[in-house]
Amino acid sequence: MSDGERNDTLAKLKDAVNGESLPGAPYRSWVRGEYHLGTPEDIPTPRCHFFDEHGFVFIERFCDADEVLAMKDEMSLVVEEEWDPSANRTQVFRTDEKQVDAQAVSDYFLDSCNRTAFFAEKDAIIDEKTGELKEDYKSNKILALNKVGHGTHTSDGAFKDYTTSEKVRSLLRELGWKAPVVPQSMYIFKQAKIGGEVTSHQDSTFLFTTPRQTCVGLWLALDDATVDNGCLWVRPGSHREKVRRQFIRNPEHFGETLDYKKGTGVDRSQPQMIFKQLEDDGSVGWEGKLPENLKDEGFIPVPCKAGDLLAFVGTLDHLSLPNKSSRARHTFQLHCVEGEKENVTWSKENWLQYPEGVPFMEL
Ligand SMILES: O=C(O)CCC(=O)C(=O)O
């Protein structure tokens, strides 16, 4: 993508958010299939139109300073009160070539699906085998964290208030979801100096639904996010590509039931999770990696102020670079999918499975 095209995309984005450009012709909606303009209720808002066209939309000041502060304060308290790095082996979170190994060391990752679990930065740990924090982080443990997940939205408090807020519910409906549910949430710290990269991926790899992909990410900046401190980069239009791989529970490890509490005939020496290759014509060489030249491959950075929101489709390529700056970049993410009421099924192969009979939160 040339600089001119990139600027054009960003200018359209601004227009869409400001409501200055109304769609004039029928177009193919990502989430609803073929879109027919004509009746008033068929006409999407400008930002929904932009979202369908490019796979993401940027919404300025989605949350105010008080909401942002409430979430940051609550996370500090949760870490202070609930995370004891010395009590259990601390698990590291990474998305590089060691991703599968890092998450397969215990059931901690699997058990994190509907509670608050803590994952450290690899560079804050002396040795990933022991999980011991480096001395510098022992007295200020929050600085060692990569992320907290994946059920932060389920506990009473600021995160649940935000998740269940009218503005989140109505945004999802505006973008085309009819019966959205929330399989997961994450608080990402992207720490100053040591905040690791998030390699290029499609969220539907991890949040796979059938018969169609319905994942949408709501990425809320809790600090200003810039190119220097690791803002998100997206590849506009890539949402129209197929999901290339699925992160699944490994039947060789868990047995055919894929239930790690009940599995029979399993081989626990095999990795817990594996990537299953789906559609991959080899044209995208950066899946699970960082492209060498982001701009040449069509990625654009999306800098945000604290309180701004980026909503994007589960098939959109996105990534973030390591944070080498002296400013942390906190964010809170919700990942939603269309619910069963819309005849959409959560894949039984996905790593994240709630205990039997416990539903995802409906919005
Ligand atoms: O915030 C980041 O660095 C990555 C977030 C991400 O990949 C996501 O929200 O799906």
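All ligand and atom numbering here is 1-based and tracks the order in the structure. Computation of the quantities below employed the complete heavy-atom set of this structure, encompassing side-chain atoms and omitting hydrogens, waters and symmetry-equivalent molecules.
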Please test H153 against T163 for side-chain hydrogen bond (donor to acceptor under 3.5 Å, both in side chains), starting from the C-alpha separation and ending with a verdict.
CA-CA 6 Å; H153 60 290; T163 306; 5.7 Å; no
Evaluation steps, side-chain hydrogen bond (donor to acceptor under 3.5 Å, both in side chains), between T226 and N229
CA-CA 5 Å; T226 64; N229 71 352; 3.2 Å; yes
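- Taking the six-membered ring wherever Trp is involved, the centroid distance between the rings of Y354 and W346 does not fall below 6.0 Å.
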Between ligand 1 and the protein, give all atom pairs where both partners are nitrogen or oxygen and the distance is under 3.5 Å, as lines of names plus distance to 0.1 Å.
unit_1	atom_1	unit_2	atom_2	d
ligand 1	1 (O)	W219	NE1	2.9
ligand 1	1 (O)	R329	NH2	2.7
ligand 1	3 (O)	S320	OG	2.6
ligand 1	3 (O)	R329	NH1	3.4
ligand 1	3 (O)	R329	NH2	3.3
ligand 1	7 (O)	H201	NE2	3.0
ligand 1	7 (O)	H318	NE2	3.1
ligand 1	9 (O)	Q333	NE2	3.2
ligand 1	10 (O)	D203	OD1	2.9
ligand 1	10 (O)	D203	OD2	2.9
ligand 1	10 (O)	H318	NE2	3.0
ligand 1	10 (O)	H335	NE2	3.2

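- Between F51 and W177, the ring-plane angle classifies as perpendicular under the 30° and 60° cut-offs.
- Residues meeting the ring-ring contact (aromatic ring centres under 6.0 Å, His included) test with F62, sequence neighbours left out: none.
- Checked against the 6.0 Å centroid threshold, F189 and Y187 count as a close aromatic pair.
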